[in-house]
**Student:** 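This is the structure I have questions about; it appears just below.
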Amino acid sequence: MSWEHFVLGSADPAAVRAAAGDPAGSGLLAACGALLTALGRDPGNVDEDRVRASYPGVQTLRLPGSGLVVTVGELNILPDYFSRPADVAQAPARYLLPILQSVRAWNIRELRRTAGLPPPGRRRLAGALPYPAFGALAEIGEGFQLARLGSRCGIPPWERYPCVVARNAGHFAPFSWYRWQRFHLAARDLIGAAAAVGDHEEREALRTRARVCAGYADHFLQDSFAAGHLINKMQVMQWYAEWLAGSRFPVPDRGQLAALTVRAQPYLHGPGHYRPRPAGDGTDRLLPARDPGTPPVTDPQAALEAATAGERMLGSGVKGNDHSERSVAFARYRTFLASSVAQSAAGVLHGYFNKRSLVVSAGQDGSRYRAWGDWSMLAGAEGAGRAADAAALSRQAITDLLERGETAVSSRKIFELFPDHVEQDGVLLDLPSWHETYLRGRCATDFFRRRSTQLTRAFLTVTFRRLGALDPAG
Ligand SMILES: [Zn+2]
């Protein structure tokens with residue numbers, strides 16, 4: 001999902017609905033492509049005033065580390081490539097520019113294709129990598145070329161693209177809900193803190209940090225509306241680990257994966273996260289429900305970036321009778337995340353549901369609508385419109401706070417828009433029930449057995465078994 005983030009982060013809901021009804025005729029996609037082309041033409045000398053005048057409603061900002069100008073819609077894309085808002089803000093131009101220009105080039109192509117326009121000329125955008133022109137192989141090319149770019153720029157191994165992807169279970173519900181909330185609320189706090197600062201430069205720096213944080217957050221909001229992101233990535237990987245353990249295939253790290261079944265490690269996928277409860281601290285923040293004696297699970301990105309070894313282990317959700325058992329389980333957890341084979345199963349389901357869509361609702365009583373996803377968002381006006389509604393509200397709250405210091409849009413109100421039910425055979429199920437009663441069986445009888453899944457597994461087993469060290473301790 002890339003150009004979808006850009007569209008959701010750039011346009012208002014009415015325009016998104018109109019584009020879904022008529023991608024070629026609405027003009028939105030062509031305008032988005034033209035905007036990216038204008039930004040990519042001379043990326044070091046973007047005139048912010050001119051961009052805002054030519055594209056009303058589009059917000060821009062200058063990133064402090066690189067000095068590059070990006071739009072908020074572009075910021076919404078970047079969490080697929082960077083772990084934290086500060087990494088986006090502080091990235092040096094020699095690393096960010098090739099990523100930004102490649103993302104622009106690829107999105108220009110996809111937007112034009114979706115709008116029924118001919119592909120752009122053959123000339124590469126300044127600084128872009130070659131992969132956007134690879135057609136069906138662009139995604140594979142992206143992995144290799146960005147990994148190489150990272151090593152060329154001296155980016156630590158665990159912050160290079162394949163490792164960022166390995167930790168990205170936080171882009172899938174229910175973890176994605178809290179990752180949005182965490183950074184959206186952090187942005188609100190930063191705006192509040194900026195208001196108390198007298199020095200103009202210092203104040204503006206804080207406000208920029210807030211905007212980067214808010215733009216980073218909205219990526220996860222947008223992911224939460226994509227059909228392929230309603231699968232619980234960790235749980236699917238655990239099911240696959242179990243399925244592989246029962247197979248006769250050669251599997252790298254077989255023993256370690258086999259010890260990470262849902263039965264052996266029931267908390268890794270954040271079961272309590274499906275039941276948000278008020279934090280009870282006077283804010284409208286929601287926290288995952290937690291049964292007594294269970295660890296405060298976080299998504300793998302948050303778990304592995306925690307400050308101390310103890311917090312990392314706790315956040316992973318591994319269980320064990322004593323410290324040494326938990327240490328062993330945590331080492332396996334890291335191997336599991338780095339396993340390209342285990343990761344590939346989630347990719348199969350992600351692709352399937354984005355392509356096929358799901359009928360969803362927010363809450364048991366919410367109205368049902370069809371949600372599409374990566375590469376297919378505009379196939380349904382209602383699904384795209386709901387995502388755009390939530391994205392617009394989130395941006396509205398931040399704009400209100402920046403301009404007036406207050407907003408009527410609570411974060412709870414936005415959180416409650418996230419789809420958390422799926423219709424299966426006419427029956428509306430909450431996400432955990434859908435996973436248990438439908439998805440699990442379908443994985444065993446279909447997804448894991450598919451020829452394409454088997455070929456990917458065999459290929460990865462002999463080529464790239466591990467995605468790399470996932471954190472400084474690795
Ligand atoms: Zn994502």
Side-chain angles (χ1 to χ4, degrees), residues 1-10 70 72-85 87-88 99-100 102-104 106-107 110 138-139 142-143 146 159-184 212-237 269-270 273 298-305 337 343-344 346-355 358 360 371-378 383-384 386-388 390-391 394-395 414 418-419 467 470:
M1 179 141 155
S2 186
W3 62 262
E4 291 91 342
H5 288 293
F6 184 69
V7 169
L8 290 172
S10 309
V70 294
V72 166
E74 290 186 298
L75 266 186
N76 293 167
I77 301 174
L78 292 176
D80 278 335
Y81 304 92
F82 294 88
S83 297
R84 291 162 285 258
D87 297 346
V88 175
I99 294 178
L100 198 56
S102 303
V103 166
R104 282 170 177 161
W106 198 2
N107 285 333
E110 287 303 317
E139 223 157 320
E142 180 181 50
L146 289 185
E159 294 301 349
R160 293 176 199 163
Y161 183 66
C163 295
V164 173
V165 173
R167 294 187 299 260
N168 80 354
H171 295 236
F172 293 75
F175 284 131
S176 57
W177 307 339
Y178 300 89
R179 202 154 175 92
W180 165 76
Q181 179 187 247
R182 174 180 159 194
F183 291 101
H184 177 79
V212 174
C213 206
Y216 175 91
D218 283 351
H219 175 96
F220 299 91
L221 174 151
Q222 293 156 3
D223 275 349
S224 300
F225 284 84
H229 289 252
L230 296 186
I231 61 160
N232 187 313
K233 184 180 171 184
M234 291 298 279
Q235 200 174 12
V236 169
M237 286 173 61
H269 67 283
H273 288 59
T298 62
D299 69 83
Q301 175 64 50
L304 291 173
E305 77 192 7
L337 289 176
Q343 291 272 350
S344 70
V348 172
L349 274 72
H350 171 262
Y352 178 86
F353 289 108
N354 281 327
K355 200 164 162 191
L358 287 168
V360 301
W372 296 80
D374 310 19
W375 311 110
S376 68
M377 183 183 78
L378 295 180
R386 297 287 186 117
S394 186
R395 277 200 303 281
I414 303 168
F418 292 141
L467 292 163
L470 290 192

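Whatever order the structure lists ligands and atoms in, that order sets their numbers, starting from 1. Since the structure is predicted, the reported quantities are computational estimates derived from the model, not experimental observations.
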**Student:** Say whether, by atom type as modelled, one donor and one acceptor occur between the side chain of S176 and the main chain of D223 under 3.5 angstrom.
**Tutor:**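 Not confirmed, S176 side chain does not pair with D223 backbone.
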**Student:** So, 2.8 Å as the limit: is an N/O/S atom of H5 located closer than that to the Zn ion (ligand 1)?
**Tutor:**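 Of the N, O and S atoms in H5, none lies under 2.8 Å from the Zn ion (ligand 1), which means no.
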**Student:** With the Zn ion (ligand 1) as the reference point, give the N/O/S atom of H171 that is nearest.
**Tutor:**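 It is ND1, the N, O or S atom of H171 closest to the Zn ion (ligand 1).
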**Student:** Answer with yes or no after comparing the ring centroid distance for W177 and F220 against a 6.0 Å cut-off, counting only values under it.
**Tutor:**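 Ring-ring flag for W177/F220: false, centres at least 6.0 Å apart.
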**Student:** Would you mind reporting whether D80 and H171 have side-chain heavy atoms less than 4.5 Å apart?
**Tutor:**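 Heavy-atom side-chain distance check passes, below 4.5 Å.
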**Student:** Check whether any N, O or S atom of H219, backbone or side chain, sits closer than 2.8 Å to the Zn ion (ligand 1).
**Tutor:**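 Given the 2.8 Å cut-off, H219 counts as a ligand of the Zn ion (ligand 1).
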**Student:** Give the atom name of whichever N/O/S atom in D223 sits closest to the Zn ion (ligand 1).
**Tutor:**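 Among the N, O or S atoms of D223, the one closest to the Zn ion (ligand 1) is OD2.
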**Student:** Would you call D218 and R395 a salt bridge, taking side-chain N to carboxylate O under 4.0 Å as the test?
**Tutor:**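 Not counted as a salt bridge, because no side-chain N and carboxylate O are separated by less than 4.0 Å.
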